[in-house]
Amino acid sequence: DNLKYNNLDINGISGGEIPQYYCITSDGNDSFGNIKIKKASFFDIENPAIALTSLAMSNGDLKQLITSGYVQDFTWNWAVPRFTPLFVGGDGNITTEPSQVYSIQKIGYVVNASTIFLEFGKKILLNKN
């Protein structure tokens, strides 16, 4: 089983298919005050990533989101040194490669092969020239 030590303190309603452990951004609120979410991306220069999906989501799913803390999944195999920074990818994925265009947002770092520490930083806009 996967083991998580993190903060599951907000819920979100998916506006589409979002895999487990993908970065998401807010897409407004519904009439009940729940956050509507979509995949985050370094292509989106306006909306920063705010959380990670705790489970895979289908359109309309309401699930808890991970906002910070340790996240462990034994299917991960981070083959990089401890404290390697993690960033938002182009499709909302977690990556060790920072974007060179549009924007960059650090979301945490690698702890070991199966564990990351999640801590969302500010989105930084990059020069598109």
Side-chain angles (χ1 to χ4, degrees):
D1 284 331
N2 297 336
L3 178 63
K4 301 182 198 94
Y5 302 98
N6 49 52
N7 291 330
L8 296 168
D9 59 358
I10 61 173
N11 291 323
I13 296 179
S14 176
E17 301 291 322
I18 306 175
Q20 182 179 29
Y21 302 131
Y22 264 53
C23 299
I24 58 91
T25 188
S26 174
D27 197 22
N29 290 349
D30 71 5
S31 59
F32 299 105
N34 293 308
I35 299 170
K36 295 190 294 186
I37 61 168
K38 62 182 181 180
K39 287 183 196 175
S41 173
F42 64 73
F43 293 109
D44 181 347
I45 61 170
E46 307 222 352
N47 302 301
I50 60 167
L52 205 64
T53 54
S54 60
L55 298 166
M57 298 178 77
S58 296
N59 189 37
D61 281 353
L62 174 65
K63 299 210 172 147
Q64 290 183 312
L65 305 170
I66 306 167
T67 57
S68 64
Y70 292 95
V71 182
Q72 185 174 44
D73 186 325
F74 293 108
T75 64
W76 284 336
N77 187 21
W78 296 104
V80 294
R82 185 178 187 172
F83 299 117
T84 297
L86 297 170
F87 303 93
V88 176
D91 191 39
N93 55 308
I94 301 171
T95 181
T96 57
E97 298 296 321
S99 170
Q100 302 298 311
V101 294
Y102 297 101
S103 71
I104 186 172
Q105 185 179 5
K106 183 179 173 192
I107 63 160
Y109 58 85
V110 173
V111 175
N112 60 41
S114 62
T115 308
I116 64 173
F117 185 79
L118 195 62
E119 181 177 54
F120 286 88
K122 292 183 179 182
K123 179 177 279 247
I124 299 169
L125 300 183
L126 301 175
N127 187 347
K128 292 189 273 185
N129 294 338

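Counting from 1, the numbers follow the sequence of the chain as shown. No hydrogens, no waters, no symmetry mates; every other heavy atom, side chains included, goes into these values.
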Inset, instruction - Any chance you could lay out the side-chain contact (heavy atoms from CB on, under 4.5 Å) test for V101 and L126, step after step, and finish with the verdict? - result: CA-CA 6 Å; V101 294; L126 301 175; 5.7 Å; no
Inset, instruction - Quick one: do I107 and I94 satisfy side-chain contact (heavy atoms from CB on, under 4.5 Å)? Show the steps, please. - result: CA-CA 8 Å; I107 63 160; I94 301 171; 4.0 Å; yes
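With a 4.5 Å cut-off on side-chain heavy atoms, I10 and T67 count as touching. Side chains of L65 and I37 form a contact here, defined as non-hydrogen atoms less than 4.5 Å apart.
Among residues at least two apart or in separate chains, there is no salt bridge (charged side-chain N to carboxylate O under 4.0 Å, His left out) pair with a member in residues 12-30. Residues in residues 96-108 take part in no salt bridge (charged side-chain N to carboxylate O under 4.0 Å, His left out) pair, two or more places apart or across chains. The list of salt bridge (charged side-chain N to carboxylate O under 4.0 Å, His left out) pairs with a residue in residues 32-54, not counting sequence neighbours, reads K39-D91. The salt bridge (charged side-chain N to carboxylate O under 4.0 Å, His left out) analysis of residues 74-89, with sequence neighbours excluded, yields no pairs.
Residues G16 and N59 approach most closely at N-OD1, 3.4 Å, considering heavy atoms.
Taken to the nearest 0.5 Å, the CD1 atom of I50 stands 6.0 Å off from the OG1 atom of T25. Note that SG of C23 and CG of L118 are 7.5 Å apart. Values are rounded to the nearest 0.5 Å. Summarising the geometry, atom CD1 belonging to I24 is positioned 7.0 Å from atom CD1 belonging to I35; distances are rounded to the nearest 0.5 Å. Here the straight-line distance linking atom CD1 of I124 with atom NZ of K122 works out to 9.5 Å at 0.5 Å rounding. Atom CG in D73 sits 9.5 Å away from atom CD1 in I116 (nearest 0.5 Å). For the atom pair NZ of K123 and OG of S103, the computed distance is 3.0 Å after rounding to the nearest 0.5 Å.
Remark: the T95 side chain and the N93 side chain contain no N/O donor-acceptor pair separated by less than 3.5 Å.
Through side-chain heavy atoms spaced under 4.5 Å, either directly or across other Ile, Leu, Val, Met, Phe, Trp or Tyr residues, I13 is tied to L62.
For Y22, there are no ring-ring contact (aromatic ring centres under 6.0 Å, His included) partners at least two apart in sequence or on another chain.
In this structure, T115 contributes its side chain and N112 its backbone to no donor-acceptor pair below 3.5 Å. The main-chain N or O of Y21 is found under 3.5 Å from a side-chain atom of T53 such that the two form a donor-acceptor pair. Although no hydrogens or angles enter the test, the distance criterion places no donor-acceptor pair under 3.5 Å between the side chain of E119 and the main chain of G69. Checking side-chain atoms of S41 against main-chain N and O of G90 turns up a donor-acceptor pair under 3.5 Å.
Applying ring pair (Phe, Tyr, Trp, His ring centres under 6.0 Å) to Y109 and the options Y70, F87, F117, W78 leaves one that passes, F117.
Between F42 and Y102, the ring center distance fails the sub-6.0 Å criterion.
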